[in-house]
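Just so it is clear, the model here is predicted, and its values are computed rather than measured. Heavy atoms only: backbone and side chains are in, while hydrogens, waters and symmetry mates are out.
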Amino acid sequence: MFKPRVPTNLMPTGDVIPYLTPTAITQPGQPTAPADCSCRHTPQAPAPAPVPAPVSARPTVQLTPGSLIAVVVGGTTVVLVVGAVLVSLLLAVALCGVSLTICALVIRSLVNTQAKQR
């Protein structure tokens with residue numbers, strides 16, 4: 001349960017990465033034999049040159065009068081909604097500031113009145 005296990009991973013070539021098995025512990029000074037490579041080495045072929053895409057004579061986006069009107073109306077709607085949200089946030093901050101100012105004035109007045117009565 002507490003020993004981590006590395007799962008096998010299929011490589012794109014279909015080879016399976018084997019588990020690592022612990023090797024025998026060697027004493028210092030003992031010669032060790034080099035490990036043989038078990039992977040298959042194949043020469044890498046150069047990548048083929050990319051084929052250029054054919055160039056189209058017509059534009060990729062065609063705006064008809066109806067779609068142009070829809071884009072303008074949609075953009076206007078987005079601007080108005082975002083503007084309304086920002087104005088309402090600014091108004092909320094302003095109201096919080098005003099209410100905190102009024103509370104501070106009331107508390108200062110109460111403290112001053114209480115100090116004069118002593």
Side-chain angles (χ1 to χ4, degrees):
M1 179 174 153
F2 295 109
K3 292 182 182 179
R5 295 184 182 161
V6 179
T8 58
N9 185 12
L10 295 177
M11 296 174 56
T13 58
D15 293 338
V16 177
I17 299 174
Y19 285 116
L20 294 176
T21 56
T23 58
I25 299 174
T26 59
Q27 297 297 327
Q30 277 185 332
T32 57
D36 292 331
C37 180
S38 62
C39 51
R40 293 178 282 170
H41 295 281
T42 57
Q44 294 290 332
V51 179
V55 178
S56 176
R58 63 182 195 148
T60 56
V61 177
Q62 293 180 347
L63 290 177
T64 61
S67 64
L68 186 62
I69 291 173
V71 168
V72 169
V73 169
T76 305
T77 305
V78 167
V79 167
L80 290 176
V81 168
V82 169
V85 168
L86 291 177
V87 167
S88 65
L89 287 174
L90 182 64
L91 184 62
V93 169
L95 286 176
C96 287
V98 168
S99 65
L100 284 176
T101 304
I102 292 172
C103 288
L105 289 174
V106 168
I107 290 173
R108 188 175 76 174
S109 174
L110 289 174
V111 168
N112 286 339
T113 304
Q114 191 177 19
K116 287 181 183 178
Q117 289 180 356
R118 287 188 192 181

Donor-acceptor list for residues 96-107 side chains, cut-off 3.5 Å, not counting sequence neighbours:
| from | atom 1 | to | atom 2 | distance (Å) |
| --- | --- | --- | --- | --- |
| S99 | OG | L95 | O | 3.2 |
| S99 | OG | C96 | O | 2.9 |
| T101 | OG1 | G97 | O | 2.8 |

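- With sequence neighbours left out, V82 forms a side-chain contact (heavy atoms from CB on, under 4.5 Å) with V78, L86.
- Side-chain contact between Q114 and L110 is absent, with no heavy-atom pair separated by less than 4.5 Å.
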